[in-house]
Amino acid sequence: PGIRPHGHYCVPIKSSSRIIGVLNLYLKEEYGRKDKYEKFIISIANVLSGIIERKNYETALLRSERNSHGISTSLKSANRSMEALIESIVSILVGVSTDNKITRWNKTAEKLFGITADEITGRNLFEIGSRVSLEWDRVYEGISESILSNSPSRLQDVRMSLTDGS
């Protein structure tokens, strides 16, 4: 006998000003078009829009968290590799911030100065002056050059001795 007489309500589901779906309801012929039905169906479409938007945000957030976890894992791995490389350097390596705080103190510095990284990190570079005799003018010049050029500086052949005579 074919398709019986019927009607449809087709209401766009909108997010901001873009259509993200369509709510399509099949109606028996006797229901006809009524203002109160339309308002109710539009309300349902608006609720669905909120649900869809929230789900899209949750999906995007999960994707972002997975990406940031991957990036974080990669950064941690790179950091471990960098730390291993720094610790393998046989020269004294001392990192100093712009306010003369020691930020890095490698194993070679520990051995030669007799001061562990834990003891010295965060302290002022010039606090070691009582334990180490250095060409401080050259050291300070190198630090200033590094700060001004925003790049590492290398000091070679800096004379040093421990104040205990060694």
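Within the 3.5 Å criterion, the main-chain N or O of A117 finds a donor-acceptor partner in the side chain of T121. Judged by distance alone, with hydrogens and angles left aside, the side-chain atoms of E29 form no donor-acceptor pair with the main-chain N or O of G7 at under 3.5 Å. Between the side chain of S77 and the main chain of T73, no donor-acceptor pair closer than 3.5 Å is present. Although no hydrogens or angles enter the test, the distance criterion places no donor-acceptor pair under 3.5 Å between the side chain of S64 and the main chain of A60. Under the 3.5 Å distance criterion, the side-chain polar atoms of T116 are matched with a main-chain donor or acceptor of E119.
To the nearest 0.5 Å, the span separating CZ on R54 from CG on L61 amounts to 11.0 Å. Considering CZ of R63 and OG of S68, their distance stands at 13.0 Å, rounded to 0.5 Å. Distance check, rounded to the nearest 0.5 Å: NZ of K111 to CG of N106 gives 9.0 Å.
Applying the ring-ring contact (aromatic ring centres under 6.0 Å, His included) test to pairs two or more places apart or on separate chains, those with a residue in residues 8-27 are H6-H8, H6-Y26, H8-Y26. The side-chain hydrogen bond (donor to acceptor under 3.5 Å, both in side chains) analysis of residues 79-105, with sequence neighbours excluded, yields the pairs E83-R104, S97-D99.
Under the 4.5 Å side-chain heavy-atom criterion for grouping Ile, Leu, Val, Met, Phe, Trp and Tyr, I42 is connected to I52 within one hydrophobic cluster. Placement of I86 and V94 in two distinct hydrophobic clusters is found when ILVMFWY residues are connected by side-chain heavy-atom separations under 4.5 Å, directly or transitively. When the side chains of ILVMFWY residues are joined at heavy-atom separations under 4.5 Å, either directly or via intervening members, F40 and V11 end up in a single hydrophobic cluster. Taking hydrophobic clusters as Ile, Leu, Val, Met, Phe, Trp and Tyr residues chained together by side-chain heavy-atom distances below 4.5 Å, L27 shares a cluster with I41. Under a hydrophobic-cluster definition in which Ile, Leu, Val, Met, Phe, Trp and Tyr are linked whenever side-chain heavy atoms come within less than 4.5 Å, directly or via other members, I120 and L93 are assigned to different clusters.
Heavy atoms from other residues, nucleotides or ligands lying under 6.0 Å from OH of Y37 number more than 12.
Classification of E110 and K107 as a salt-bridged pair holds, one side-chain N sitting under 4.0 Å from a carboxylate O. At a threshold of 4.0 Å, the pair E38-K34 does not count as salt-bridged, since none of the basic side-chain nitrogens sits closer than that to a carboxylate oxygen.
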Worked check of side chain to side chain contact (heavy atoms under 4.5 Å, CB included) between I44 and L23:
CA-CA 9 Å; I44 291 171; L23 178 61; 3.9 Å; yes
So S15 and R18, side chain to side chain contact (heavy atoms under 4.5 Å, CB included) or not? Walk me through it.
CA-CA 5 Å; S15 174; R18 72 179 228 278; 4.1 Å; yes
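Considering only heavy atoms from C-beta on, D137 stays 4.5 Å or farther from E141 through its side chain.
Nearest heavy atom pair, residue I13 against residue A45, reads CG2-O, 3.6 Å. Residues S146 and S151 approach most closely at OG-O, 2.6 Å, considering heavy atoms.
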